[in-house]
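Each chain gets a letter, A, B and so on, in the order the sequences are listed, and its residues count up from 1.
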Amino acid sequence: MLRLPRFKYLRPKTAREAARMASELGPKAMFVAGGTDLFPKLKRRQFEVEALIGLDFLSRQVRAGADEAEVDAGVTLASAAANEHLSATFSGYAEAAGVVSSPPLRNAGTIGGNLCVDTRCNYYDMTYEWRKAIGFCMKKDGDICLVAPSSPRCWAVSSSDTGPMAIALEGMVTLAGADGERELPVAALYRDDGIDYLAKQPSEVLTSLRLPVIEGNQSAYVKLRRRGSIDFPIAGAAVALRLDGATVTRCRIVLSAVASYPLEARAADDFLTGKTLDEETVRAAAEIAAKPAKPLDNADLTHFWRKRMVRVVVEQALAAAATRGGGSMVKLLGQHPG
Amino acid sequence: MREVDRHVVALEVNGEHAELLLPVHKTLLEVLREDMQLTGTKHGCELGECGTCTVLVDGKPELSCLLLPVQIEGRAITTIEGMAKGSDLHPLQQAFAELGAAQCGYCTPGILLAAKSLLESDPQPTRDGIREALAGNLCRCTGYSKILDAVELAGDRMMSSPPRGVAQSAGGDEEL
Amino acid sequence: MGASNNGFSVIGKPLPKPDAVSKVTGRAIYADDMLPARTLHCRILRSPHPHARIVSIDTSAARRMPGVQAVITGADLPIKFGILPVTQDERALEHEKVRYVGDPIAAVAAVDEEIAASACDAISVEYEVLEPVMSIDEALVETKDERIQDYGGPNNIHKLVALEFGDVDAGFARADHTREDVFFFQGNTHLPMEQHSAVATFVDGRVTLWSSTQVVHYVHRALAKVLELPMNRIRVIGAAHGGGFGGKTDPFAHEIIVSKLAMLTGRPVKCTLTREEVFYAHRGRHPVLMWVRTGVTKDGRITAMHFRSALDGGAYGSYGVASTFYTGALQTVTYDIPAYRFEGCRVFTNKPPCGPKRGHGTPQPRFALELHLEKIAHDIGLDPVELKQRNFVKPMTRTVNWLRVTSCGLEECTERVLNASGFRKREKKRGHGMGFAISSYLSGAGTAIYWNDMPHSEVQIKVDRGGVTAYCGAMDIGQGSDSVLAAIVAEELGIQPADVRLVTADTDTTPIDLGSYSSRVTFMAGNAAIQAARKMREMLVEAAAAKMGAPVEAVAVGGGRIGDFSFEDASILAEARFGTLTSAGSYTPPKIAGPYKGSGVGPSPAYSYSACVVDLDADPRTGLVHLNKVWIAHDVGRAINPLLVEGQVEGSVYMGLGEALMEEQEFRKGLHKWPSMLEYKSPTFLDMPEVETFIVETVDPEGPYGAKEAGQGPLLPVIPAVSSAVFDALGVWIDEIPVTPEKIVEALRRKEKGEAARFGPARFPSIPYPACIKVEPPAKELDRAAPASI
């Protein structure tokens, strides 16, 4: 049986206390909430820590207001997916939370955890013995990137489903540090680096996500994965749209799993804004959105095909968001093609 | 090796309270199987990828391979050993036995518990609803067909009769 | 559905399994659930290199670690073993050379698993790294450093086979049309939910091993050989079994290691493989490259076939010699091929060894054959189903390669699935397709793995004071072999299956059965059980008749009664009359192998038949496939328990769909690319379509009550039916398994560019096959074909 390494378990009562502990212990400690991403990685010895700082104190409320919804970081993905207010007002977000991994993981995994989920690579998400056999990579214990050996950087892939959606919805996160709190747009939480993929201080605790109510906004998330469940995204598109009749008055498209961070498709947003949403503009926008996506050979299926699929998920997500008013639900590509 | 951090942890498993001195890095899966002799909870990967080790925490399926006992103190844990009432099988167990939904039986405890949670929130799920709810539990033997049939049968029976176990006669009955 | 139980009281009834309650309550004890007092935990150090010589192993640091009780290396277990007598090429721990990443090198027994794992990490091994051989092509040419194994050859060839039945050249000469195709079937693995596990004790000079194995007998033999103990000092017990599919059919290193460590430490020792190690233990589906050439007349009758296979065997022999023969054996059991040439080759590569997985060696050629015949039908403008039907074998015939076909439900299976699915009336619409395929499989191999004249299965029955116990070495791996035994004994003795106590898979207490593989248990143990039960019944009837003062013919058996007496009273009368009531039955397959070397692989006392239709949507833009429904009909001879037959058929469909669409073993930089449940894609509840199952009963003349196998055959037609349905939907052939979306998109791109509308291997390599052994075909009618033995 694969087992966890030994560690101390610390139980702070508040976020500030947790942040203080983390800044004292430095890289020897990590936060743990649901543990669904952390524990497998600890078992595979991808992280080495002396202490885990439990975030069990995090609240688990969804507060629906007229201007915004505030989702506590401790809310489980299952609760977020099933939350009536989120489903009605931020349907793409509830949808993204509802397609993370599998049902039992969503009952433990938190929305904060999914925003901060480690980047992935199929040279890295392997056991210690496997990584030792192939030669350690720069993300852990080694100094080269096995996907792109001549590259000076790590190309591990951002694998959050909810992160791109929260960006598309123009969400903000609250970060608690030892000396106080600060707010950050979700978009600013990520960095284009497979190793240092989060822009927050390691000692800062993500305590909540705030999603602003944007009148008339409609959103959808489409995730591509091999199976109908369990799998991480191998491409995904988060779309938030506001339409005036058929004219796009506001548009945010963010891609998942095609770079080391959620990839904002600003050029496509600009292209669509002011245009009539029809088959042709959707296709053109998807083409523009997909252009900067650079999948590499470090996830399921070939990267050529994944690259090709980015356009498809964007088109589907746009179509799904646009038809949200009518209540149509685009099925996951992994299950229901076409 | 680093020294072991031990905590006294109060667990409530199948309605019974236990206070255990545990290495804090031992997962619930290991504690159930090795410290509490509740070996009905199986394991297939220990990485959250197969669903085999599913238990219920406050009635919801979670993976015991990814849970620390210290994180779930005070919450109600249900394992397969807690599903039958004495020797009365839960209607799901009864239906799984009758319809051959357990072949090798290794994924069965986890699937039964996930199905129990489903039927408690939705007594008459659609076939697709059952698929969605059980999508985190892999089975290599059955092709899932008989499992779907069994969950439907148990759901029907639970609707039409008060929710208590069906009698199981000693030694396994031919009329099972 | 549709199973009959005419005249039977138990046979044909959908009864739950005897262990159903223990499995749904979590009470079944699997090997890893056992934890005898003072158990030590074992972990195994494995090779990080695909190919290397071991220069030195230093275990001193590991030995010094507190909690470590024993450390062993290959020097402690130097004797080689292997499942086939001709390929005794494995060591429990290798101390000279490692041949794949994962090859076991050293083992530690410690007071807990954490310490054992740390101790493994503290063992230092010095290697001389050798150039690995990672593909069939590489194995066929001279290696840079040295060969993987020191037998076989040339180069890294393990086995070459060449057989010719009838005049193949003449057959091609009279063909109106011939066609050649090349196919590739990627390797995949069993992925049982239960990781292999074994616990050993050493008490009073005797080793007892509880293991998750499909064959206690073969483990018993391997332990005796490597531990150098007489078999009577070793007891192997099959623990409750968490899934095999062929993957637990070899004796494994960890089983030998824990036994040795128990002998050294005097304490119980347990080893449960991690999921990654299960991928290294493997013995799964061989990757097979295939070339096939067939000649047909203009009305679609086959005149000759030439089939070549090249199997990527991995680093060791395992069942590989048999697997190689199987890639060429069963083509003739579904289609009447008047002249047939088969050339097979297995190579060694630096990967985990391949072996038997559900359908052993036959899903790959079945995939090739079914698609190849469809293509021929398209060539000559004939409906593919019609072409296949015109060539169906007939019951009670012998094939060109001497295989004896008795019952054969091919026609009925075909009609059932075609009618139910509406296949013939399907709407032609781009993006939607239906595919049809058929297949056949063995009900147990007609010859044993190691040559002997003993029975393949034995059953004993004991009755005392009304209690009935049946003993048999067969291992219930979840397929329900215990149910079959209980049902048969109950049927014959007029009682209920729940009245029969079962003692199975224990080499001390049960008579031999060669194990749960090759789809042999229902047929062989079933016949042995009938024989044993009928002997017991005779005694009970005779005693009852004597007491009744009636002739034995007047004593009715059934409903828990023997004549005028309850079963219990009759058993007391019989025990008083005969003393201890025991009976035994055994089964030896008929000697039906053909008169040529290599004829041992392929003969079976009976063949099951299956037909399948798959309905799917395939999206031309993305290549994504959505399965709508599967119809499958299976000729099981007779369903002893239709519930369990359906379960086997549905499970086979599932596994076939997984292989067809997503399961594959790939290697990168010498390593298994994804040894995990996350990255090795096993279909979830959401990926599995509805399956409609038809049980077809042809009542085989030699099967128990006419029964044949159900556990493997139904997997076979599913895979080609998926690829055929993709062709139906999009007009491109995917000649390579798995059928992934990227392959479909690529095939469509090629079609658009005017290239061949297919995705698959371009060529078959040049292989130095020997000259064919030429074999005269037998007479086709069964009664004119004299049985022969090798």
Side-chain angles (χ1 to χ4, degrees), chain B residues 1 33-34 37-50 52 79-81 83-84 89-90 92-94 96-109 112 127 130-148 168 171-176, chain C residues 14-30 32-33 35 114-115 118 190-195 240-245 274-275 477-480 496-499 643-644 646-655 657 676-678 682-686 688 690-691 693:
Chain B
M1 279 193 284
R33 290 178 54 82
E34 295 164 7
Q37 287 75 50
L38 294 170
T39 54
T41 303
K42 309 300 180 198
H43 57 104
C45 72
E46 302 96 67
L47 294 169
E49 300 169 349
C50 73
T52 305
T79 69
I80 188 67
E81 288 88 350
M83 220 170 140
L89 295 181
H90 186 279
L92 274 163
Q93 292 174 308
Q94 182 70 27
F96 270 56
E98 276 176 37
L99 298 188
Q103 284 188 26
C104 84
Y106 201 76
C107 69
T108 306
L112 279 168
R127 221 160 152 89
I130 302 169
R131 288 189 172 99
E132 290 283 348
L134 301 182
N137 296 77
L138 294 175
C139 166
R140 292 288 287 175
C141 291
T142 60
Y144 305 117
S145 304
K146 298 266 180 274
I147 297 174
L148 292 168
Q168 174 214 349
D173 193 322
E174 70 275 8
E175 292 306 320
L176 248 180
Chain C
L15 298 172
K17 303 200 296 179
D19 59 1
V21 171
S22 74
K23 283 182 171 167
V24 300
T25 53
R27 287 200 299 251
I29 303 297
Y30 298 79
D32 189 54
D33 300 338
L35 196 64
E114 195 179 11
I115 294 172
S118 300
H190 321 83
L191 203 79
M193 294 310 298
E194 178 205 28
Q195 298 142 314
H241 203 280
F245 317 111
T274 64
R275 179 53 62 183
I477 59 170
Q479 87 281 40
Q496 286 300 310
D499 301 330
L643 192 65
L644 302 192
E646 281 172 18
Q648 287 304 299
V649 174
E650 288 158 2
S652 294
V653 170
Y654 167 83
M655 201 161 270
L657 292 172
S676 74
M677 299 285 263
L678 177 65
S682 177
T684 70
F685 266 94
L686 293 169
M688 183 65 192
E690 289 290 328
V691 178
T693 302

Taking the side chain as every heavy atom from C-beta outward, state whether [X] and [Y] have any atom pair closer than 4.5 Å.
X       : Y       : answer
R140(B) : Y654(C) : yes
L138(B) : M193(C) : yes
C141(B) : F245(C) : yes

Kindly give the heavy-atom pair with the smallest separation between [X] and [Y], and that separation in Å.
X       : Y       : result
A97(B)  : A20(C)  : CB-CB, 3.7 Å
K23(C)  : A102(B) : CB-CB, 4.4 Å
L686(C) : A135(B) : CD1-CB, 3.5 Å
L643(C) : K146(B) : O-CE, 3.8 Å

So, taking the atom named [atom1] in [X] and the one named [atom2] in [Y], what distance separates them when rounded to the nearest 0.5 Å?
X       : Y       : atom1 : atom2 : result
T25(C)  : H90(B)  : OG1   : NE2   : 14.0 Å
F685(C) : R127(B) : CZ    : CZ    : 10.0 Å
E650(C) : S145(B) : CD    : OG    : 4.0 Å
R27(C)  : T39(B)  : CZ    : OG1   : 11.5 Å

Which atoms of [X] are under 4.5 Å from chain B, going by heavy atoms: the side chain, the backbone, both sets, or neither?
X       : answer
S682(C) : both
P683(C) : both
S676(C) : both
D32(C)  : both
L644(C) : neither
I115(C) : both
M688(C) : both

*asked:* Can you list everything that forms a salt bridge (charged side-chain N to carboxylate O under 4.0 Å, His left out) with D33(C)? Sequence neighbours excluded, please.
replied: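 D33(C): salt bridge (charged side-chain N to carboxylate O under 4.0 Å, His left out) contacts with R33(B), K42(B).
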*Residues two or more places apart in sequence or in another chain: which of them pass salt bridge (charged side-chain N to carboxylate O under 4.0 Å, His left out) with E46(B)?*
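Residues passing salt bridge (charged side-chain N to carboxylate O under 4.0 Å, His left out) with E46(B): none at all.
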*So which of C104(B), G40(B), G143(B) has the biggest tally of heavy-atom pairs under 4.5 Å with chain C?*
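Highest number of pairs under 4.5 Å: C104(B).
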Under a 4.5 Å heavy-atom cut-off, does chain C meet the side chain of [X], its backbone, both or neither?
X       : result
I147(B) : side chain
L112(B) : side chain
T52(B)  : side chain

*asked:* One thing to verify: whether R275(C) and E49(B) come together as a salt bridge, which I'm taking to mean a side-chain N less than 4.0 angstrom from a carboxylate O.
replied: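 No, no charged N to carboxylate O under 4.0 Å.
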*Give a yes or no answer on whether the side chain of K17(C) reaches the backbone of Q103(B) with a donor-acceptor pair at less than 3.5 Å.*
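Answer holds: yes.
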*Without swapping roles, check the side chain of Q93(B) against the backbone of V24(C) for a donor-acceptor pair under 3.5 Å.*
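Present.
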